[in-house]
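Below is one structure, written out as structure tokens, with a few remarks after it.
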Amino acid sequence: MAVQTVASTTDTANSVDLGPAAALSCRECGHRVPLGPVFACEECFGPLEIAYDFSAYDTEELRKRIEAGPANIWRYAPLLPVPADVATKPNLNPGWTKLVQADNLARELGVTGGLYVKDDSGNPTHSFKDRVVAQALEAARAFGFTTLSCSSTGNLAGAVGAAAARAGFRSCVFIPHDLEQGKIVMAAVYGGELVGIEGNYDDVNRFCSELIGDPAGEGWGFVNVNLRPYYAEGSKTLAYEICEQLGWRLPDQLVVPIASGSQLTKIDKGLQELIKLGLVEDKPYKIFGAQAEGCSPVSTAFKAGHDVVRPQKPNTIAKSLAIGNPADGPYVLDIARRTGGAVEDVTDAQVVEAIKLLARTEGIFAETAGGVTVGVTKKLIESGALDPSLTTVVLNTGDGLKTLDAVAGTGLTATIRPSLESFREAGLV
Ligand SMILES: *Cc1c(COP(=O)(O)O)cnc(C)c1O
């Protein structure tokens, strides 16, 4: 199968069944094309996204159908680009992760309006990436791809490897060669091809774009490149779950990490859909974006009042967020400004401090990306940008076991001989 970069209008109808997905539509100019493995508009090169037909849904019937669905993302299949029988196919069935009421952390940060941590470390490969890969896998099946691939900052590589193993696809994924050992092992263990590239994520991504146009990449579904419109929709499930877990209610404020910015933009899309479908009552909400100072192209642009995002060379321990040229950066700026939120960044030292704060108060061990969101939440409360009297949801998108080096200084309180005398001498009682 030849992989097209740009959509073609010569075919008029969809030849695949991806449930309520009706077409691909350009986010810039609105030009519509049939569903296919394409990601850029032929008219203006803007990003393509999924357009749906939800017109047949009755709100109360839809709510009942969702509530009776499985305890994973497929409960929202009527709102996703997947076939109706998706839950019967071999899949990792991610999602329906815990929304933890974080009262101890709230007390520590002075939040009185209710503070929740959406803990996506509970997914099958311990990061939020299982959500997006599950969508891309269905698109790959529909378009007849046999190899799954991606450019990754670490977590995506593991999610693709695992999903491919489960679904019987070949996988070949590309990462910067110098990632954390935990991320490399988690990506390699599922048995697919794992290729380290001498360069940073932006170099890896550029390489993958070249591979797509080359015969060497024929028949390959790159989950975050030529399948990106489908992949991206997986992040909507975070918005759906948060609202359903709050009792079909919108939170007032959300703090979301930014790598490419895709997750943040699709959380907003998911919230907007719930409002339009009548599943939640319409009210204002604010979305805050979180970055590490060592890779903060979006927060830098936000603070400077710019509409364009100037690329940076990443240098931070938050490697899963280390995208120096974020594709969805300008859309993140729009959403933060439209909703009255903000984009903020924290230093690596503040990331480590925040990882420990979350672990010590709530028993949740986050990877560096979770340190970024908790650290930014603290900073936004201190600056007054985030209102502590409102319901706030902070995302933890990955598991601390994958980034153990970040907290390497943490260890034994004391080493003693196996005797009471030695224990007393250690000064702990
Ligand atoms: C990929 C990733 C994100 C968000 O990525 P986007 O490209 O902004 O969608 C957040 N947290 C973790 C841990 C990730 O791996």
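We use all heavy atoms of the structure for the numbers below, so side chains are in, but hydrogens, waters and symmetry mates are not. Atoms within a ligand are numbered from 1 in the order they appear, just like the ligands themselves.
Close contacts of ligand 1 with Ser262, meaning ligand atoms under 4.0 Å from a residue heavy atom, involve 6 (P), 8 (O), 9 (O). Those atoms of ligand 1 that come under 4.0 Å of a heavy atom in Asn155, given as number and element, are 13 (C), 14 (C), 15 (O). Near Ala369, meaning under 4.0 Å from one of its heavy atoms, ligand 1 places the atoms 11 (N), 13 (C). For ligand 1, the atoms sitting less than 4.0 Å from at least one non-hydrogen atom of Gly261 are 6 (P), 7 (O), 8 (O), numbered in the order shown with element in parentheses. Per-residue contacts place Leu321 under 4.0 angstrom from the following atoms of ligand 1 (heavy atoms of the residue considered): 3 (C), 10 (C), 11 (N).
A side-chain donor from one of Lys118 and Gln245 sits under 3.5 Å from a side-chain acceptor of the other. Remark: the Asp119 side chain and the Thr97 side chain contain no N/O donor-acceptor pair separated by less than 3.5 Å. Judged purely by distance below 3.5 Å, without hydrogens or angles, the side chains of Tyr201 and Asn325 never pair a donor atom with an acceptor atom. Side-chain contact, Asp130 with Thr125: a donor N or O sits under 3.5 Å from an acceptor N or O.
Lys129 NZ, 2.9 Å is the protein heavy atom nearest to atom 14 (C) of ligand 1. Among all protein heavy atoms, the one lying closest to atom 4 (C) of ligand 1 is Phe128 CE2, 3.7 Å. Of all protein heavy atoms, the one lying nearest to atom 9 (O) of ligand 1 is Gln263 N, 2.8 Å. With respect to atom 12 (C) of ligand 1, the closest heavy atom belonging to the protein is Thr397 OG1, 3.3 Å.
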- prompt: Can you check side chain to side chain donor-acceptor pair (under 3.5 Å) on Glu138 and Asn91, steps first, answer last?
  reply: CA-CA 9 Å; Glu138 290 315 310; Asn91 203 294; 3.2 Å; yes
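The N/O atoms of Ala259, backbone and side chain alike, include one that comes under 3.5 Å of an N/O atom in ligand 1.
Judged purely by atom type and a 3.5 angstrom limit, Asp120 has no side-chain atom pairing as donor or acceptor with the backbone of Gly398.
Classified by interplanar angle (parallel below 30°, tilted 30° to 60°, perpendicular above 60°), the ring pair Tyr76/Trp96 is tilted. Note on ring orientation: taking the six-membered ring where Trp is involved, the planes of Phe145 and Phe143 are perpendicular (angle over 60°, cut-offs 30° and 60°).
Within the set Ser260, Gly398, Ala290, the minimum heavy-atom distance to atom 6 (P) of ligand 1 is found for Ser260.
Every heavy atom of Ser127 sits 4.0 Å or more from the atoms of ligand 1.
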